[in-house]
Amino acid sequence: MAQFEEVSKQSSQHPKPAGLVLQYGTAGFRTNAKHLDHIMFRMGLLATLRSKKTKATIGVMVTASHNPEEDNGVKLIDPMGEMVTPAWEGYATQLANAEQGDLLTALKDIIEKESINMSQEANVFVGKDTRSSSASLSQAVLDGVSALGGHSKDYGLVTTPQLHYMVCCQNTQGKYGEATIEGYYRKLCQAFIHLSVQQASNCTDDQKHLSVDGANGIGALKVREMESHLRRELQISLFNDGSKGKLNHQCGADFVKVQQKPPTGININPGERCCSFDGDADRIVYYYTDSDGQFHLLDGDKIATLISTFLKELLTQAGLDLKIAVVQTAYANGSSTHYLEDTMKVIVRCTKTGVKHLHHAAQEFDIGVYFEANGHGTVLFSKVAEEKIQQLAEDPNMNDERKRAARLLQNTINVINQTVGDAISDMLLIEAILAIRGMTVQQWDAIYSDLPNRQLKVKVSDRRVIDTTDAERRAVSPAGLQEAIDTLVKKHRLARSFVRPSGTEDVVRVYAEAETQESADSLAHEVSLAVYRLAGGVGDEPKPLH
Ligand code: G16
């Protein structure tokens with residue numbers, strides 16, 4: 001077939017280094033950019049097949065998100081804007097690792113297994129972040145699409161969640177919104193303005209001010225682009241806008257969350273609200289410093305609490321009986337889970353790391369609020385929930401209070417990007433909630449107190465020796481590791497710890513929380529040592545933090 005000849009020809013321009021093996025991880029392929037050209041070409045091929053199979057537009061985003069500038073990666077987006085299904089993650093890994101001479105066989109294997117009609121049209125949307133390697137790597141994706149005769153639309157520089165949004169809009173024939181960047185800003189900002197103008201007319205300019213750390217990445221460019229749509233209802237001071245600093249270096253959501261300190265490159269005045277995006281703007285964390293200079297972090301758990309409390313109150317005011325749940329991962333601070341379950345009385349679920357897992361768990365409820373502690377998350381409304389809210393908002397016989405609550409819920413739905421965690425959309429939602437409730441960042445922070453915690457990384461020769469169960473809360477291999485962790489945890493009060501192989505970096509992640517910071521730090525160090533000794537640590541032994 002002519003298509004396969006074209007694939008053969010073009011793939012020789014994007015050859016696979018012999019022997020290189022990469023896995024589709026937590027959020028796609030991710031490694032040093034110099035190893036990724038063939039992966040991108042092949043993901044262009046795979047996205048084209050996926051599009052033929054689903055008869056819908058598929059997205060391919062070139063980004064390594066929170067990783068350092070020299071890395072890159074690729075995330076595949078399914079028709080409704082969600083992450084690609086697990087079966088196709090498997091195909092992605094097979095196709096990525098087929099040696100050069102076996103590529104056509106691997107491709108034909110997928111076509112056969114999935115009974116793909118090769119004469120079906122294919123459409124692929126492509127986007128990229130600001131990394132210097134992203135331009136040529138996204139071209140490789142486009143080459144892959146055209147080699148199989150697919151149509152592509154190159155959105156150029158976009159945030160990951162913007163591309164997810166475009167794919168969903170395209171496949172719902174505009175019902176979710178317009179598949180343009182302008183359409184995205186218009187929908188989100190209009191909903192934000194409705195929420196903030198109508199409900200919080202007393203807001204002062206000080207309360208409308210927010211400092212944003214753009215991680216020197218795509219989020220900074222897009223915040224600038226969006227600003228005029230906000231009509232000064234939100235006044236943003238943008239830092240780390242990419243004009244001088246390096247992407248994610250000492251800044252961005254991952255740095256702030258893991259290091260538990262403010263990013264460099266930002267002016268923080270005591271008490272002022274600040275937030276940080278990550279490298280592709282799908283995560284956000286908030287923070288402030290108090291008058292003693294102490295740093296206070298409001299992470300994904302605090303965000304989920306703020307949002308779910310707000311939604312629960314509105315549901316009560318609207319008199320709507322809808323089931324709301326919060327989905328977290330093992331990284332969720334123990335205090336947040338207790339607060340949500342015991343005080344707020346909402347259902348809490350725990351899944352493995354990776355928004356794809358949280359997203360699916362959240363789909364089981366009328367309203368599913370999902371957030372990873374690292375600030376990656378969003379809210380999903382079922383079709384039934386959206387319809388009930390709309391009916392109420394439009395019911396001419398409804399009393400004012402219930403109607404007002406239903407209208408607030410409608411605008412809340414419109415400000416949210418339901419396809420995936422989105423720093424820009426989350427920021428607008430959080431700002432609107434704070435304005436509506438007349439709440440300061442300090443009051444939000446005081447909802448509950450986090451247990452002190454620490455995250456560390458350990459280098460091992462092969463992180464796959466660590467296998468976990470129970471939503472990653474327990475290790476089943478290597479032998480003896482979980483027993484060692486259990487013994488160490490018992491030495492500390494209110495303590496918990498777990499380890500898991502990262503799906504985006506070549507490290508094992510260690511999490512520990514305990515009654516005091518000293519205790520959390522020493523537990524994290526002791527568990528790191530156990531990983532180092534039992535799972536084949538490389539380099540120097542982990543050193544104590546103090
Ligand atoms: C990705 C995933 C997140 C995950 C994070 C870290 O984020 O989308 O769900 O929490 O990686 O994963 P891991 O601990 O496996 O390295 P991002 O923002 O980097 O795409």
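Counting starts at 1 for both ligands and their atoms, in listed order. Just so we're clear, the structure is a prediction, and the values are computed from it rather than from any experiment.
In this structure, H296 and Y288 have parallel ring planes: the angle between them is below the 30° cut-off, well short of the 60° mark.
Of the listed residues (N72, T63, T159), just one forms a side-chain hydrogen bond (donor to acceptor under 3.5 Å, both in side chains) with D129, and that residue is T63.
Comparing R509, R283, H357 against atom 5 (C) of ligand 1, the shortest heavy-atom distance belongs to R283. For atom 6 (C) of ligand 1, the nearest non-hydrogen atom from the set V508, L358, T504, T160 comes from T504.
The distance criterion of under 3.5 Å between nitrogen or oxygen atoms is met by K75 with respect to ligand 1. In terms of polar-atom proximity, V355 is counted as a contact of ligand 1, with an N or O under 3.5 Å from an N or O of the ligand. Checking only distances, D282 does come within under 3.5 Å of ligand 1, N or O to N or O. Between A27 and ligand 1, no pair of N/O atoms sits closer than 3.5 Å. Checking only distances, R30 does come within under 3.5 Å of ligand 1, N or O to N or O.
The protein atom (non-hydrogen) at minimum distance from atom 12 (O) of ligand 1 is T26 CG2, 3.8 Å. Of all protein heavy atoms, the one lying nearest to atom 18 (O) of ligand 1 is S65 OG, 2.7 Å. In this structure, the protein non-hydrogen atom closest to atom 19 (O) of ligand 1 is H66 ND1, 2.4 Å. Shortest contact from atom 3 (C) of ligand 1 to any protein heavy atom: E372 OE1, 3.1 Å.
Under a 4.0 Å N-O distance rule, the pair E89/K356 qualifies as a salt bridge. At a threshold of 4.0 Å, the pair E472-R500 counts as salt-bridged, since one of the basic side-chain nitrogens sits closer than that to a carboxylate oxygen.
For the residue pair Y287 and S276, a side-chain donor N or O sits within less than 3.5 Å of a side-chain acceptor on the partner. Side-chain N/O atoms of E505 and H66 include a donor and acceptor closer than 3.5 Å.
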Requested in this report: List the steps, then state whether side chain to side chain contact (heavy atoms under 4.5 Å, CB included) holds for M40 with F29.
Outcome: CA-CA 9 Å; M40 298 294 168; F29 292 100; over 6 Å; no
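Under the 6.0 Å cut-off for aromatic ring centres, Y165 and Y176 qualify, their centroids lying closer than that.
Only the side chain of H376 comes within 4.0 Å of ligand 1, counting heavy atoms alone; its backbone N, CA, C and O stay farther away. With a 4.0 Å cut-off on non-hydrogen atoms, D278 touches ligand 1 through its side chain and not its backbone. The residue N67 has no part lying near ligand 1, judged by heavy-atom distances below 4.0 Å. Proximity of K356 to ligand 1, defined as any heavy-atom pair under 4.0 Å, is not found for any part of the residue.
V74 places none of its side-chain heavy atoms less than 4.5 Å from the side chain of L36.
Counting the atoms of ligand 1 from 1 in the order shown, those under 4.0 Å from a heavy atom of S502 are 13 (P), 15 (O), 16 (O).
Figure legend: K261 and F255 shown without cation-pi pairing, the cationic atom not lying both under 6.0 angstrom from the six-membered ring centre and within 45 degrees of its axis.
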